[in-house]
**Q** 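Attaching a single structure in structure tokens format; questions to follow.
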Amino acid sequence: MHGFLWVLHEDHHRSSGRRFQKNDLFAFFFAGLSFGFIYSGLYYGIQPLTAAGFGVTLYGAGYFIFHDFMFHGRIKALHFKPRSRYLKNIINAHRVHHSVSTKEGALSFGFLYAPKKYAIMKRR
Ligand SMILES: [Zn+2]
Ligand SMILES: [Zn+2]
């Protein structure tokens, strides 16, 4: 996303203030992709393709739950407060990702795994 797809991802870092971002087009793209995989996998009996389709679906659901909902709070009606260390760490890691709003120099791309260096210090 910080490569040639930056055109779509940019407004995720520099908010336009609108409710939807160009970055959301990724969701549509992956939804279409997973549908295509599952459909043609089932139609032609290609199991790995079906499996890949469900994999993309799971990734998309995970991205929405962790990234859009938990981190960016995009479901205004539901308030989420992280309790576990794992969730606190991945949320902190994504905060690091958003500390840079340019194409170059961004860090911490994953959203399900927080490298050790982004872990919140244990309080003693
Ligand atoms: Zn984000
Ligand atoms: Zn980014």
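What's counted below: heavy atoms across the whole structure, side chains too, no hydrogens, waters or symmetry copies.
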**Q** Strictly by side chain to side chain donor-acceptor pair (under 3.5 Å), give each pair with a member in residues 19-29 just once, sequence neighbours left out.
**A** His9-Asn23, His12-Gln21, Asp24-Arg74
**Q** Taking Leu33 as the starting point, is it possible to reach Leu58 by hopping between hydrophobic residues whose side chains are less than 4.5 Å apart?
**A**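 No; Leu33 is not reachable from Leu58 via cluster members.
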**Q** Taking CZ in Arg18 as the centre, count heavy atoms belonging to other residues, nucleotides or ligands within less than 6.0 Å. Is the count above 12?
**A** no
**Q** Whether the His67 and His97 side chains hold a donor-acceptor pair (N or O, under 3.5 Å, no angle test) is what I'd like checked.
**A** no
**Q** Starting from Ile38, walk the hydrophobic network (Ile, Leu, Val, Met, Phe, Trp, Tyr; side-chain heavy atoms closer than 4.5 Å) and list everyone else you reach, by chain and number.
**A**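 The other cluster members (ILVMFWY side chains, heavy atoms under 4.5 Å, direct or chained) are Leu42, Phe54.
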**Q** Can you name the closest pair of heavy atoms from Ser34 and Gly53 and give their distance?
**A** CB-O, 3.3 Å
**Q** With heavy-atom distances below 4.5 Å as the criterion, would you say the side chains of Phe26 and Met1 are in contact?
**A** yes
**Q** Check whether any side-chain heavy atom of Val7 sits under 4.5 Å from a side-chain heavy atom of Lys103, and report yes or no.
**A** no
**Q** Roughly how far, to the nearest 0.5 Å, is the NE2 atom of His2 from the CD atom of Glu10?
**A**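 Between Glu10 CD and His2 NE2, I get 10.0 Å after rounding to 0.5 Å.
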**Q** For the NE2 atom of His79 and the CZ atom of Phe69, what is their distance to the nearest 0.5 Å?
**A**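 Atom-to-atom, His79:NE2 and Phe69:CZ are 9.5 Å apart.
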**Q** Are Trp6 and Phe4 connected in a single hydrophobic cluster, I mean Ile/Leu/Val/Met/Phe/Trp/Tyr linked by side-chain heavy atoms less than 4.5 Å apart?
**A**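 No, Phe4 does not connect to Trp6 through the hydrophobic network.
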**Q** Would His13 and His98 count as a side chain to side chain contact (heavy atoms under 4.5 Å, CB included) here? Give the steps.
**A** CA-CA 6 Å; His13 283 272; His98 276 279; 3.7 Å; yes
**Q** If you define the side chain from C-beta out and look only at heavy atoms, does anything of Phe80 sit under 4.5 Å from Ile91?
**A** yes
**Q** Within the structure provided, determine whether Tyr44 and Leu49 are in side-chain contact (heavy-atom separation under 4.5 Å).
**A**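 SC-SC contact between Tyr44 and Leu49 ruled out.
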**Q** Just so I know, are the side chains of Ile90 and Phe71 near enough to count as touching, which here means a heavy-atom distance under 4.5 Å?
**A**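 With C-beta onward as the side chain, the pair stays apart.
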**Q** Are Phe29 and Phe20 connected in a single hydrophobic cluster, I mean Ile/Leu/Val/Met/Phe/Trp/Tyr linked by side-chain heavy atoms less than 4.5 Å apart?
**A** no
